[in-house]
Number of protein chains: 2
Amino acid sequence: MEPMTLQTENIPTPPDARERLRAAALDQFTQRGYAATTIRELCQAAGVTKPVLYYYFKSKEGLYLDLMDGAYALFESTLAELTIYSGTPFQRIATFCEGVFDVGMSNLPLLRLIYSIYYGTPQGAPHYDLDQYFDRLLDVITALVREGIASNQITDGNLNDMTWAILSCLNTTLEEQLCHQQPRIDRSAMTRMLQLLFRGMAASHES
Amino acid sequence: MEPMTLQTENIPTPPDARERLRAAALDQFTQRGYAATTIRELCQAAGVTKPVLYYYFKSKEGLYLDLMDGAYALFESTLAELTIYSGTPFQRIATFCEGVFDVGMSNLPLLRLIYSIYYGTPQGAPHYDLDQYFDRLLDVITALVREGIASNQITDGNLNDMTWAILSCLNTTLEEQLCHQQPRIDRSAMTRMLQLLFRGMAASHES
DNA sequence: GTCTATATTGAGATAGAC
DNA sequence: GTCTATCTCAATATAGAC
C-alpha cells in the first residue's frame, strides 16, 4: 500500500517495473534464446537494475517460468472462445483453425517463444511441458472430426490421420509466420489447404 | 605426414580427434543448445583437451559451422537420389516424401539440430541460412505437382496451396519424430495423410 | 599435435544502505 | 522497492612446454 500521491506530471515509464521486465524478457528470450540472454542486458532493456529483477522474480528461471505460465493461461482462455461456433463440421474446423491462427498472430512474440522452446533446445532453461498445447489442439480437432463422421459428412476413415492432417496445415502455416520476413503462405492459404483436405475427407454421397 | 608405425594393439579411440569432436558437438548442441554447450564438457565428451578443439576448428563457432556445412552437403547429395523414381505423380510425391522422411530418420540427431536452429533462437551462434532446405523441398514438390496437372491427373487448382499442403504433412510428421519419446504419428500415417490430400487434389474425371 | 597451467572476461546472484 | 558495490564462479581462449 503506497500513499496515493497526486500525479500531475506525465508518467515517465507507463507500466510498472514488473511488467517491463516481462516484456523485455519475452523480447530477449525470443530473439537470443534463454541461455544467451544476460540479466544485465535484460534489465537494461527494461530500464531497471538487477536487484529489481531478483526482487520480483527471484531469478532468471523465475522470470522465464512466469512468462510460460502466462502464455499457457492465455492459450486456455482463448481455446474456450473458439469452440462455440456453429455450422457444418468443415466450417467449424476451418473457423477453429483460423481462430487459433488469429490469436497466434495477435501474440506473435509469445508464439515465437513457445515454438523456439518446443522445437529448440533446453538451453539450460528449466523444463516446461509444452506438449499440452498440441494435446489440447488435437482434442478439439478430433472432436470436430468425430462429429462430422457421426453426421455422415466426413468419410468414416482413420480419425487420427484426418486430425493430424488438419493440424499439419495449421501447424506449418503458423511456423511459416515465425521464421521469415515475408511468409510464403498466409491465413487464406491455410484455409484453402484445409478445403483441399476437406475434399479428400468428404463422405462420398453414394450410400 | 606422420610415420607409419606398426599398429599391433587394438585402437583405443577408433575415430580421430577431429571426428570425435564433431560427434560430441552434434550431441551437445542438439541436447543443450549452442549457447548452453560449454567447450569444457564438449571436449570431455570427445575425450580430448581444449587446445585440440582450437587446433582443428579454431573456435566454438568454427566447429558449429563445420557441422552445418556437412549437414547441408548430405541433404543435397540425397535429394538427387530421391527424384529418379517413376510412377504416377501421386506415387512419386509419396515416394519422395517417404524418402526424405527415411533420410531424416537415419540422421535424427542432425535433423534435430537443424530444426532446433531453424525454429529456435540464434543463441549466439553464427547465422546459417536454413531456408535453403525448405526452398529445395518446395522446388521438388512443386515440379511433381505441376507434372500431375499437366497430365490431367491433378486438378488445375492453386499450385502453391497443393505444394504447401503436401509439405505440411511431411514437415509436421518429421517434427513429431523430434520432440516426443513416442511419436503419435509415423511414416505410414504420413503416407495416409498424403492419400487423403491426394483424394482432394485428384482431377475429377468428368471433362 | 597434444598437453598443463593460466589469463581474462563476464555471467548470475547478493549484501546492505537508503 | 530500488539503488551501488561486490562476491563467486565458470566460461572462452591462449601461452608455452613437450
Side-chain angles (χ1 to χ4, degrees), chain A residues 1-5 7 9 11-29 31-68 121-127, chain B residues 1-5 7 9 11-25 27-29 31-67 121-127:
Chain A
M1 294 289 189
E2 53 197 54
M4 287 290 280
T5 58
Q7 193 100 32
E9 302 297 320
I11 308 122
T13 45
D16 62 340
R18 191 191 220 111
E19 211 50 54
R20 291 205 312 278
L21 275 169
R22 282 202 186 98
L26 174 56
D27 186 58
Q28 301 263 318
F29 288 159
Q31 302 217 354
R32 311 182 186 209
Y34 180 83
T37 294
T38 71
I39 288 193
R40 194 180 61 84
E41 289 169 315
L42 199 157
C43 289
Q44 193 172 337
V48 303
T49 55
K50 284 193 282 182
V52 176
L53 184 153
Y54 288 96
Y55 176 79
Y56 282 115
F57 298 100
K58 198 188 146 189
S59 70
K60 186 181 179 182
E61 289 198 358
L63 178 49
Y64 169 80
L65 290 173
D66 179 88
L67 270 188
M68 300 307 284
T121 49
Q123 302 182 35
H127 177 71
Chain B
M1 294 291 188
E2 52 197 55
M4 286 290 281
T5 58
Q7 193 100 32
E9 301 298 322
I11 308 123
T13 44
D16 61 340
R18 192 190 220 110
E19 212 50 55
R20 292 207 311 280
L21 275 168
R22 280 203 187 96
D27 186 57
Q28 301 263 319
F29 288 159
Q31 303 217 353
R32 312 181 186 212
Y34 180 82
T37 294
T38 72
I39 288 192
R40 195 180 60 83
E41 288 169 315
L42 198 157
C43 289
Q44 191 172 337
V48 303
T49 55
K50 284 189 283 180
V52 177
L53 184 153
Y54 287 97
Y55 176 78
Y56 283 114
F57 298 100
K58 196 188 147 189
S59 69
K60 186 180 178 182
E61 289 199 358
L63 177 50
Y64 169 79
L65 290 173
D66 179 88
L67 270 188
T121 49
Q123 302 183 32
H127 177 71

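By convention in this document, chain letters (A, B, ...) are assigned in the order of the sequence lines, proteins followed by strands, and residues within each chain are numbered from 1.
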inquiry  = Rounded to whole Å, please give me the gap between CZ in A/Arg32 and P in C/dA11.
reply    = 10 Å
task = Nearest 0.5 Å please: distance from the CZ atom of B/Phe57 over to the CZ atom of B/Arg18.
result = 5.5 Å
inquiry  = Counting Watson-Crick and G-U wobble pairs with both distances under 3.5 Å, what is the dot-bracket string for DNA chain C, 5' to 3', using [ ] for crossing pairs and | for pairs to another strand?
reply    = ||||||||||||||||||
task = Using whole Å, report how far CD of B/Gln44 lies from P of D/dA11.
result = 11 Å
inquiry  = Just the rounded figure in Å: distance from C1' of D/dA13 to CG of B/Leu42.
reply    = 15 Å
What N/O pairs connect the protein and nucleotides 8-10 of chain D at under 3.5 Å? Give each pair on its own line.
none

inquiry  = Please find the pair of heavy atoms, one from B/Ala24 and one from B/Leu42, that lie closest to each other, and give the distance.
reply    = CB-O, 3.8 Å
query = CG/B/Asp27 to CZ/B/Arg32 distance, rounded to the nearest 0.5 angstrom?
reply = 8.5 Å
message = Are B/Cys43 and B/Thr49 packed together at the side-chain level, in the sense that at least one heavy-atom pair is separated by less than 4.5 angstrom?
response = no
task = Write down the distance between CD1 (B/Ile39) and C1' (D/dA11), rounded to a whole number of angstrom.
result = 9 Å
request  = State the CG-OG distance between A/Leu65 and A/Ser59, to the nearest 0.5 angstrom.
outcome  = 7.5 Å
message = Taking the cut-offs as 6.0 angstrom to the six-membered ring centre and 45 degrees off its axis, would you call A/Lys60 and A/Tyr34 a cation-pi pair?
response = yes
ask   = Between OG1 of B/Thr38 and NZ of B/Lys50, what distance do you get to the nearest 0.5 Å?
value = 9.0 Å
task = Please round to the nearest 0.5 Å and tell me the distance separating atom CZ of B/Arg20 and atom CG of B/Leu53.
result = 12.0 Å
query = Is there a side-chain contact between A/Arg22 and A/Asp66 (heavy atoms, below 4.5 Å)?
reply = yes
query = Got a donor-acceptor contact below 3.5 angstrom from the A/Thr37 side chain to the A/Gln28 backbone?
reply = yes
key: Stretch residues 45-60 of chain B: residues that reach within less than 4.0 Å of DNA chain D through a heavy atom   = B/Lys50, B/Pro51, B/Tyr54, B/Lys60
